[in-house]
Structure formats: C-alpha cells, structure tokens
Trainee: 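Below are the structure tokens for one structure; questions will follow.
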Amino acid sequence: MKLVRILNIIFVEEKVPQEKDSFKLHFFATKMAATLTFLLISSLLQGALCGTFNVSMPQNINVLRGSCVTIPCSFDVDSRFEKYLDDTCKAYWNDSPSFTSENAKLKPTKEITGDLTKKDCTTTFNNASLLQRSKYYFRLECDNALKYSFKQAGVDISLIDDPPSLTLTPSTLEVKEGTSVSLTCSAPAPCWSHPPALTWSPNLGQSQETLQENQDKTKVKTSVMSFTASHLHHGNKISCTAVYQKQDGSPDVTAETSLTPDISYSPKNITVSVSPSGPVPENSNVSLTCSSNANPAVRNYTWYRADGDQETFIGTGTSLNIQVSRDTQSFFCNAENEIGVGRSSSIQIDVQYSPKNITVSVSPSGPVPENSNVSLTCSSNANPAVRNYTWYRADGDHESLIGTGTSLNIKVSRDRRTFFCNAENEIGVGRSSSIQIDVQYSPKNITVSVSPSGPVPENSNVSLTCSSNANPAVRNYTWYRADGDQETLIGTGTSLNIQVLRNRWTFFCKAENEIGVGRSSSIQIDVQYSPKNITVSVSPSGPVPENSNVSLTCSSNANPAVRNYTWLKTRLDLHVLI
C-alpha cells in the first residue's frame with residue numbers, strides 16, 4: 001500500500017511532464033524498492049503522455065516583413081486537466097521548446113489569442129518585424145496546476161520581403177465565345193485580420209470574395225470573377241492583384257498573377273478596302289480586299305455583288321480584281337472559319353464619269369398654248385455632280401446659247417424650234433437629245449392654190465386647194481365665193497373642184513382646229529375668153545347732120561384684153577373693110 005501511494009503522488013505531480021519548473025517530488029525509498037519504483041514510474045509516465053498533451057499548427061508560415069501574422073493553433077490536454085482550462089490561461093511563444101512565461105519572447109494578449117478554454121491557441125502578432133526567422137513553440141500557463149510547453153510541434157516562421165505568389169485557376173483559358181467562365185484568384189492570407197485586397201483588371205463581371213481555410217488551418221483570400229467569354233477578351237491580359245497592408249507604417253506591397261485568354265470566335269469586324277482608294281475613273285481596274293478579326297484564322301473568303309435584293313457570287317480569296325462601271329452596284333464579302341461565318345457591310349465604289357443619260361423635261365408637260373410660259377429642266381447622271389448646265393436653241397444648223405442653270409423659263413411660239421442642254425462636270429461634257437415643244441395654235445398662213453395655175457379658159461374645170469399652218473392639224477376646211485359683200489358657202493374639204501366662168505368672182509377658204517379658225521385671202525381666177533358683149537357707140541349720139549363728123553367707138557368684154565379692133569361697113573350683103 002505504501003508503494004502504490006507513492007506512485008500515485010508521482011503520477012499526478014508529473015502530469016505536466018518534463019518541465020524544469022514542474023513540481024519536484026522528493027521521496028525516499030528503500031534500496032530494495034528503488035529499481036522497481038523507477039521502472040514503474042517510467043512505465044506509467046510514458047503511457048500517460050501518449051495521445052494526451054498534443055498541439056496542431058502549420059509546419060511553416062511565410063510572413064511579410066512588417067505585416068501581421070496569424071498562427072492557427074489548437075491543442076489538447078489530458079482529460080484530468082480539462083478542469084484547469086479557465087480564463088486565467090495564457091499563451092506564450094518562444095523560439096526554444098523549453099521556456100517559461102518569464103523568458104518567452106512573444107507574450108500575446110487575450111485580444112490576439114484564440115479561446116484557450118476551447119483549446120484554440122490561434123495567435124495573431126500585429127507586427128511580424130518582432131519575429132525572427134526561427135521555429136516557434138507554444139506554451140500554455142494557467143493560474144493553477146496546468147502549465148505545459150508543447151514541444152511536440154512548432155511552426156517555422158519565414159520572414160519575406162516580397163509578397164507571396166498568387167494562384168490563378170484555371171491557369172490557362174481556352175474557350176469559345178459565349179462560354180460562361182469563372183476565374184479564381186487565390187492569395188495567401190498570413191494575417192486573418194488584414195487579408196490582402198484583391199482586384200481584377202479588367203473587371204469583366206461580378207466577383208465574389210471569400211476567406212477560405214486550407215487543410216493546415218492557414219487561410220487564403222479568394223476572388224471568383226464570372227463573365228461570358230467574348231472575342232473582345234481574346235489576347236488581352238486578365239490580371240489579379242493582391243495588395244498587402246503593412247502594420248509597421250511602411251508602404252503596402254502588391255503581388256500579381258495573370259493569364260492571356262485564347263477565345264475562339266467567328267469572324268468579326270469584317271471590312272472591305274478598295275485600292276486605289278477614293279474616286280476612280282469609269283472602267284478602271286480596282287482591287288477589293290476583305291479583312292477580318294477571327295480566331296482561328298479565316299479559312300475562306302467569298303465575294304458577292306448586290307443588285308438591289310439580288311446577291312450574285314463573283315469570286316473567292318482575300319482579294320478580288322474587278323473593272324468598275326458607273327452602275328451603282330455594291331459589293332460585300334463573307335469570311336468563314338471553323339466557328340462560323342461573318343459578313344462585311346456593303347461598299348459602293350466611287351466611280352467617276354462624265355454626265356450620262358442627259359434629258360430635258362418640260363413643265364407643264366404635253367401640249368401648251370402659243371405664247372405660254374414653260375420651264376425646261378435638264379437632268380443627268382454624273383459623278384461628280386454636274387457643275388454647269390447650259391441651254392441652246394437650234395434653228396436648223398444654227399445653235400444659239402439661250403441660258404444656264406438646271407432650269408430655264410421661256411415663252412413659246414409656234415416657230416418649230418428645238419432645244420437642248422449641255423451638262424458638264426470635272427470629267428467631261430454631255431449633251432441631251434433635242435426636244436421640240438408641242439405648241440398649239442389656231443390655223444395660220446392660210447393660202448389658196450389653183451390647179452392648173454395661171455390663166456384658164458372659160459368653162460374649164462379647176463381645183464382649189466386650201467393650205468394652212470396649224471397645231472393641232474386643221475379638222476375642217478370650208479369654201480366660200482364672194483360676190484361683192486355677199487359670201488356664199490360653196491363646199492368643204494381641203495380641195496374644191498369648180499367650173500370657171502367669165503364672171504369675176506373671188507374665192508376664199510376657212511381652216512378650223514380645236515384652238516380656233518383662220519381665213520385665207522381672197523383669190524380671183526384668171527378666166528380667159530374671147531371678146532364678148534361687143535358694142536359700137538356713136539359720138540355724138542343721136543341724130544347728126546349730113547356730112548357731119550362722128551366718132552365710132554367699139555367696146556367689148558374680153559380676157560385677155562382685145563388686141564385688135566377692125567371696122568367694117570355693111571352694104572346689104574357686102575361687108576367692106578374701111
């Protein structure tokens with residue numbers, strides 16, 4: 001019984017094992033029991049310490065010089081010492097495994113220490129400059145029987161001047177455009193109360209930050225940025241920057257990691273360039289070149305000509321040589337790679353040419369009355385635009401300049417003159433076709449012609465024809481015979497056939513159209529006949545004395561006039577020329 005009691009005292013007193021300042025038990029034993037007592041104490045002590053007093057902490061921590069550092073730490077004590085874990089317990093650290101609170105190098109306060117009553121010995125040191133590059137051990141001291149230095153494990157503190165390296169996940173990015181992407185940036189957080197600040201450049205979307213715990217209880221600050229991959233991201237560096245704040249007043253330090261995304265996308269920004277650039281003369285040869293931005297590279301270019309809604313395939317290849325005309329056709333190209341197809345905007349080549357398709361329009365259009373005012377307008381197709389219009393009136397082979405400008409106002413007459421315009425630009429001059437304005441007027445210049453012309457014998461048949469100048473054409477001719485003031489309608493139509501007598505009648509015609517009526521001058525037909533109504537007059541008339549002298553006068557009606565008069569004396573049946 002005496003031996004057992006002595007051994008129990010040894011067991012309890014030494015439960016804070018192998019400490020210089022542990023309770024010392026002095027006992028005496030008989031020489032006979034000395035060896036047995038030693039063996040029993042050693043055996044009991046070794047079994048009691050196994051799996052009871054333990055500590056868990058990282059093997060090593062890199063600490064940025066001048067910054068704070070948090071040492072994650074947890075411990076365990078023998079169950080019989082659980083009751084000694086109270087608010088009097090304090091944590092101490094030293095670079096030697098054997099130490100006491102008096103010679104501890106680091107003596108944290110409760111504000112920077114975990115809850116020791118819950119076996120949490122996590123400790124934060126606000127200025128790592130106080131630390132040295134060494135291995136530090138943890139000691140627990142309570143204002144009771146519990147005092148223990150945990151020599152089983154320590155943490156290697158390494159002071160560094162440069163911030164720790166960041167981790168970017170994934171480290172490379174190869175996706176198709178439109179893919180949802182999440183990039184994770186991880187930065188070691190040696191000091192939990194002042195973790196690094198993480199920023200993305202460029203900021204492509206929403207980001208979410210967390211402070212995560214590693215397997216060894218150290219922590220990392222993570223930022224996850226989520227976005228949709230775009231062709232705009234291809235080849236542009238995406239970086240994550242961590243800013244570490246120091247507690248010793250020295251400047252903050254930064255660390256950065258980055259990747260350059262490889263985004264696959266269909267052709268974008270497809271453009272067509274023309275060589276030579278700028279305006280080109282009609283019928284020139286030009287080279288069209290199709291350019292695009294694509295990943296992977298474009299494997300096929302195709303060319304099209306657009307005529308309204310009609311698109312015609314005209315060639316393949318990066319460049320296309322064509323001869324241009326003044327037709328306002330547009331061109332575009334398609335670019336294709338493994339991802340898809342893109343189309344350029346349509347381009348229209350600036351083809352320059354002298355004025356073409358020059359026309360003259362008249363307002364008001366259609367027939368116009370004589371002496372009306374009309375406006376002539378000259379139109380053309382030209383590039384560059386016409387800079388000068390000139391107007392001409394054509395009288396046979398004679399052309400007279402009558403004005404300039406796009407439009408010309410004139411007063412029209414029945415003269416059948418024609419008009420045209422010239423259009424001029426920097427390339428050349430073009431001429432319109434001649435136009436003749438449809439000027440309408442009543443019949444003018446009405447004349448009567450006789451056939452046969454000249455003198456005609458009495459009782460001959462002659463043809464009278466009425467002619468005039470009119471627009472629209474004469475629709476009705478009427479014939480009249482004039483006997484003094486008496487006018488008698490004798491027929492209608494362009495021509496009139498009559499038998500002529502020696503009566504000295506005159507004839508005229510009237511011509512009528514939709515505009516009005518005109519009258520010809522009167523004509524008298526030269527009807528020839530032998531002398532008629534031949535008479536002899538005596539002067540003096542009446543009875544005369546014998547042997548008186550008298551004058552005999554012979555008169556007649558004849559056409560042409562009588563050219564010879566002869567006198568005869570009649571004696572019975574005898575006519576004697578006197």
Trainee: Any donor and acceptor pair, going by atom type alone, linking the side chain of Ser380 with main-chain N or O of Ala382 inside 3.5 Å?
Mentor: no
Trainee: Short question: side chain of Thr123, backbone of Cys121 - any donor-acceptor pair under 3.5 Å?
Mentor: yes
Trainee: Would you mind reporting whether Cys89 and Leu140 have side-chain heavy atoms less than 4.5 Å apart?
Mentor: yes
Trainee: Do the side-chain N and O atoms of Thr70 and Thr124 include a donor-acceptor pair separated by under 3.5 angstrom?
Mentor: yes
Trainee: Strictly distance-based, threshold 3.5 Å: is any side-chain N or O of Ser284 a donor or acceptor partner for the main-chain N or O of Pro281?
Mentor: yes
Trainee: Hey, could you give me each pair passing ring pair (Phe, Tyr, Trp, His ring centres under 6.0 Å) that has a residue in residues 280-301? Not counting sequence neighbours.
Mentor: none
Trainee: State whether Asp252 and Lys246 are salt-bridged, where the test is any N-O pair (Lys NZ or Arg NE/NH1/NH2 against Asp/Glu carboxylate O) under 4.0 Å.
Mentor: no
Trainee: Kindly indicate whether the side chain of Asp86, heavy atoms from C-beta on, has any atom under 4.5 Å from the side chain of Asn144.
Mentor: yes
Trainee: Is Asp120 paired with Lys118 through a side-chain N to carboxylate O contact shorter than 4.0 Å?
Mentor: no
Trainee: Working note: Ser226 + Ser182, criterion side-chain hydrogen bond (donor to acceptor under 3.5 Å, both in side chains); need CA distance, chi angles, decisive distance, verdict.
Mentor: CA-CA 4 Å; Ser226 300; Ser182 291; 3.1 Å; yes
Trainee: Mind telling me whether Phe138 and Trp93 have parallel, tilted or perpendicular rings, with 30° and 60° as the class edges?
Mentor: tilted
Trainee: Between Asn383 and Asp350, do the side chains contain a donor N or O and an acceptor N or O under 3.5 Å apart?
Mentor: yes
Trainee: Check salt bridge (Lys or Arg N to Asp or Glu O under 4.0 Å) between Asp161 and all other residues, then give those that pass, not counting sequence neighbours.
Mentor: Arg65
Trainee: Which residue pairs pass the disulfide (SG to SG under 2.5 Å) test with at least one member in residues 278-316, sequence neighbours excluded?
Mentor: Cys290-Cys333
Trainee: Does a salt bridge link Glu141 with Arg139, judged by any charged N lying under 4.0 Å from a carboxylate O?
Mentor: yes
Trainee: Please collect all ring pair (Phe, Tyr, Trp, His ring centres under 6.0 Å) contacts where either partner lies in residues 237-261, sequence neighbours excluded, each pair once.
Mentor: none
Trainee: Give me each pair satisfying ring pair (Phe, Tyr, Trp, His ring centres under 6.0 Å) with a member in residues 246-300, each pair once, sequence neighbours excluded.
Mentor: His231-Tyr265, His234-Tyr265
Trainee: Can you say whether the rings of Phe150 and Phe75 are parallel (under 30°), tilted (30 to 60°) or perpendicular (over 60°)?
Mentor: tilted
Trainee: For Asn381, which residues count as a side-chain contact (heavy atoms from CB on, under 4.5 Å) partner, sequence neighbours excluded?
Mentor: Tyr353, Asn357
Trainee: Kindly compute the distance separating CG (Leu166) from OG1 (Thr222), expressed to the nearest 0.5 Å.
Mentor: 12.0 Å
Trainee: Who passes side-chain contact (heavy atoms from CB on, under 4.5 Å) against Ala104, sequence neighbours left out?
Mentor: Tyr92, Phe99, Lys107
Trainee: If the plane angle is over 60° it's perpendicular, under 30° parallel, otherwise tilted; pick one for Phe81 and Tyr84.
Mentor: tilted
Trainee: Excluding sequence neighbours, so at least two apart, what forms salt bridge (Lys or Arg N to Asp or Glu O under 4.0 Å) with Lys221?
Mentor: Glu209
Trainee: Below 4.5 Å, heavy atoms only, C-beta onward: do Phe53 and Gln152 meet side chain to side chain?
Mentor: yes
Trainee: Verify the neighbour count for atom NZ of Lys237: are there more than 12 heavy atoms of other residues, nucleotides or ligands below 6.0 Å?
Mentor: no
Trainee: Please check: side-chain N/O of Trp303 versus main-chain N/O of Phe313, any donor-acceptor pairing under 3.5 Å?
Mentor: no
Trainee: Counting C-beta onward and ignoring hydrogens, is there a side-chain heavy-atom pair between Leu168 and Thr184 closer than 4.5 Å?
Mentor: no
Trainee: State whether Asp95 and Lys135 are salt-bridged, where the test is any N-O pair (Lys NZ or Arg NE/NH1/NH2 against Asp/Glu carboxylate O) under 4.0 Å.
Mentor: no
Trainee: Compare all side-chain heavy atoms of Ile238 with those of Met225 and state whether any distance is below 4.5 angstrom.
Mentor: yes
Trainee: Could you verify whether a donor N or O on one side chain and an acceptor N or O on the other, from Thr377 and Ser407, lie under 3.5 Å apart?
Mentor: yes
Trainee: Determine whether the side chains of Gln348 and Ser330 contain a donor N or O and an acceptor N or O closer than 3.5 Å.
Mentor: no
Trainee: In Å and rounded to the nearest 0.5 Å, what is the CG to CG distance from Leu116 to Leu85?
Mentor: 8.0 Å
Trainee: Any side-chain heavy atom of Tyr304 within less than 4.5 Å of one from Asn334?
Mentor: yes
Trainee: Per the disulfide (SG to SG under 2.5 Å) rule, what does the pair list look like for residues 196-270, sequence neighbours excluded?
Mentor: Cys185-Cys240
Trainee: Side chain of Asn425, backbone of Gly428: donor and acceptor closer than 3.5 Å?
Mentor: yes
Trainee: If you count heavy atoms of other groups shown closer than 6.0 angstrom to NZ of Lys268, is the number above 12?
Mentor: yes
Trainee: Could you tell me which residues satisfy salt bridge (Lys or Arg N to Asp or Glu O under 4.0 Å) with Lys176, sequence neighbours excluded, listed by chain and number?
Mentor: none
Trainee: Strictly by modelled atom types, are Thr359 and Ser379 linked by a side-chain donor-acceptor pair under 3.5 Å?
Mentor: no
Trainee: In Å and rounded to the nearest 0.5 Å, what is the OG to CG distance from Ser171 to Leu259?
Mentor: 8.0 Å
Trainee: Report the residues that fulfil salt bridge (Lys or Arg N to Asp or Glu O under 4.0 Å) with Glu338, sequence neighbours left out, ordered by chain and then residue number.
Mentor: none
Trainee: Between the side chains of Glu336 and Arg343, is the shortest nitrogen-to-carboxylate-oxygen separation below 4.0 Å, so that they form an ion pair?
Mentor: no
Trainee: Inspect the surroundings of CD in Gln206 and state if more than 12 heavy atoms from other residues, nucleotides or ligands are less than 6.0 Å away.
Mentor: no
Trainee: Restricting to pairs with a member in residues 176-203, which pass ring pair (Phe, Tyr, Trp, His ring centres under 6.0 Å), not counting sequence neighbours?
Mentor: none
